[in-house]
Amino acid sequence: MTERLEDIAAAMVASGKGILAADESSGTIKKRFDAIGVESTADSRRDYRELLFRSTNAMKNYISGVILYDETIRQKAADGTPLVDLIKATGAIPGIKVDAGAKPLAGFPGDTITEGLDGLRERLAEYYKLGARFAKWRAVIDIDTTRGVPSATSIGSNMHALARYAALCQEAGIVPIVEPEVLMDGAHDIDTCYEVTKAGLVKLYGELYAARVKLEGTVLKPNMVIPGKKSGKTASAEEIAEKTLRLFRETVPVAVPGIAFLSGGQSDEEATANLNAMNAASAQPWKLTFSYGRALQAAPQKAWSGKAENVAAAQAAFAHRAHMNSLATLGEWQQQLEKAA
Ligand code: 13P
């Protein structure tokens, strides 16, 4: 029997849990491995991801789902068990990244368009058979106000593609994570991030309605409202939380069950503190959780550094970040820190 989309989506944002984004493309995981001096091979990628999925307590207690890359959803653990089965055994839901990456948008220097719609119906059917019950598609919106980036054309094309992807996912019995990421790399201030993110979300929900996507069976994966890294400005967790929540109340329908943030290059601690500040604020109509890649994995990658004897330390580092972010989904991270001090 096919599970109901709204039940899968609700499980993805269950209280105290969040999503592990382990869907780095071959190029991205190579960059991460280069930083820790590990050669990126099919086996080293498998060994690393296997250690995460075998972090049984962390997975059981804090992780609702795992986003995989095409290679990983087909891979087997060293003992021959499919990695998907390791994930399922912890109670977490396997998911799959299905976009084919952001490419330059013709005619709009500095803007990108995410590709991957061709053949998507057939790929989703295969991923469903391989065990995926949710998917991810990432639209990438950069900000460079000196040259009119992002253009309205880029926002429109990317949000339209997200809606076409989401409709195909739901047809296949798969919950779409819709990810319209506004990058935090630019020189913009926090209010520019607010305005650009708002333009994206307004367009996104218009397109999702037009595509007849059932919002109850979706999860939003947005950026936080945050100053660009090159602006030289910082903002407190309280300001980030206040502005991010104000924006969502303006733009995200309450039919959406949950919002699972990307970390986007924030430090581990910032990503936790900002999520905590949002959940410690007044009650919201959606669950607010994490779908972190770097903010969950930077610590275990460093601890592991490609050595079998470091697996336990890497698992402990992953469990710690997952626990801290779990507390942040409940707004209890700060109290816990104060108690520990
Ligand atoms: P980060 O948390 O590292 O931004 O990655 C999340 C993700 O899946 C981006 O698409």
Side-chain angles (χ1 to χ4, degrees), residues 2-23 62-68 87 91-99 114 120 124 127-128 131-139 158-159 161-182 197 200-201 203-205 207-209 211-224 244-245 247-249 251-264 271 275 278-279 284-293 295-296 322 325-326 328-329:
T2 322
E3 304 98 308
R4 295 187 333 145
L5 293 170
E6 46 269 61
D7 295 338
I8 300 168
M12 289 162 66
V13 296
S15 281
K17 291 190 177 185
I19 296 166
L20 166 62
D23 60 322
Y62 313 128
I63 301 297
S64 59
V66 182
I67 318 176
L68 302 168
I87 294 168
I93 307 168
I96 182 76
K97 167 203 183 77
V98 300
D99 66 70
T114 298
L120 183 56
L124 286 166
Y127 288 137
Y128 187 94
R133 291 297 176 270
F134 71 91
K136 178 190 110 171
W137 177 290
R138 173 173 174 256
N158 275 296
M159 301 310 150
L162 270 167
R164 284 188 57 196
Y165 141 82
L168 283 164
C169 284
Q170 292 194 334
E171 180 189 87
I174 287 178
V175 167
I177 293 184
V178 289
E179 180 178 6
E181 176 174 6
V182 176
T197 307
L201 290 173
K203 193 78 189 158
L204 173 64
Y205 284 101
E207 292 285 351
L208 290 172
Y209 281 121
R212 299 184 174 165
V213 171
K214 202 166 151 187
L215 295 183
E216 292 84 344
T218 67
V219 170
L220 174 66
K221 176 164 175 167
N223 52 286
M224 296 178 189
T244 305
L245 291 175
L247 172 61
F248 291 166
R249 287 195 297 269
T251 56
V252 183
V254 297
V256 173
I259 296 173
F261 291 98
L262 59 97
S263 60
L275 178 62
M278 285 186 240
N279 281 305
Q284 303 299 328
W286 333 266
K287 292 288 185 54
L288 298 168
T289 186
F290 56 91
S291 175
Y292 291 163
L296 279 172
N325 287 310
S326 165
T329 69

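Numbering starts at 1 and runs along the sequence shown.
- One distance of note links CG of Leu262 with CZ of Phe290; it measures 13.5 Å at 0.5 Å rounding.
- Using a 4.5 Å heavy-atom threshold, the side chains of Pro257 and Trp286 count as separate.
- Side-chain atoms of Tyr165 come within 3.5 Å of backbone N or O of Ile177 as a donor-acceptor pair.
- Judged by distance alone, the side chain of Asn158 and the main-chain N or O of Pro180 form no donor-acceptor pair under 3.5 Å.
- The two residues Thr114 and Ala139 have their closest heavy-atom pair at OG1-CA, 3.5 Å.
- Annotation: the span from Leu201 atom CG to Leu208 atom CG amounts to 10.0 Å, rounded to 0.5 Å.
- For Tyr292 (side chain) and Ala271 (main-chain N/O), a donor-acceptor pair under 3.5 Å exists by modelled atom type.
- Shown here for Asp99 and Arg138, the closest heavy-atom pair between the two residues is OD2-N, 2.8 Å.
- In this structure, CG in Leu168 is found 5.0 Å from CG in Leu120, a value given to the nearest 0.5 Å.
- Of the inter-residue distances, the one linking Ile96 atom CD1 with Arg133 atom CZ reads 12.5 Å to the nearest 0.5 angstrom.
- The local environment of NZ in Lys287 is crowded, with over 12 non-hydrogen atoms from other residues, nucleotides or ligands closer than 6.0 Å.
- Distance check: Leu220 CG to Tyr205 OH gives 4.0 Å after rounding to the nearest 0.5 Å.
- Between Glu216 and Ala9 the shortest heavy-atom distance is O-CB, 3.6 Å.
- Residues Thr289 and Val219 are not in side-chain contact: their nearest non-hydrogen atoms beyond the backbone lie 4.5 Å or more apart.
- Using a 4.5 Å cut-off on side-chain heavy atoms (C-beta onward), Met224 and Met278 make contact.
- Each salt bridge (Lys or Arg N to Asp or Glu O under 4.0 Å) pair with one or both residues in residues 161-171, not counting sequence neighbours, appears once here: Arg121-Glu171.
- Across all their heavy atoms, Trp137 and Val98 have their closest contact at CE3-CG2, 4.2 Å.
- Between Ile63 and Ala92, the shortest heavy-atom contact is O-CB, 3.7 Å.
- Nearest heavy-atom pair across Leu275 and Asn325 is CD2-O, 4.1 Å.
- When atom types are taken as modelled, the side chain of Gln170 and the backbone of Gly217 share a donor-acceptor pair closer than 3.5 angstrom.
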**Report entry** Audit row: Ile67, Lys221, side-chain contact (heavy atoms from CB on, under 4.5 Å) steps and yes/no
**Finding:** CA-CA 12 Å; Ile67 318 176; Lys221 176 164 175 167; 3.9 Å; yes
Under 3.5 Å, which donor-acceptor pairs link side chains of residues 10-23 to any protein atom two or more places apart or in another chain?
residue: Lys17; atom: NZ; partner: Lys60; partner atom: O; Å: 3.2
residue: Asp23; atom: OD2; partner: Lys136; partner atom: NZ; Å: 2.7

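- Remark: Leu162 CG to Lys203 NZ distance equals 12.5 Å, nearest 0.5 Å.
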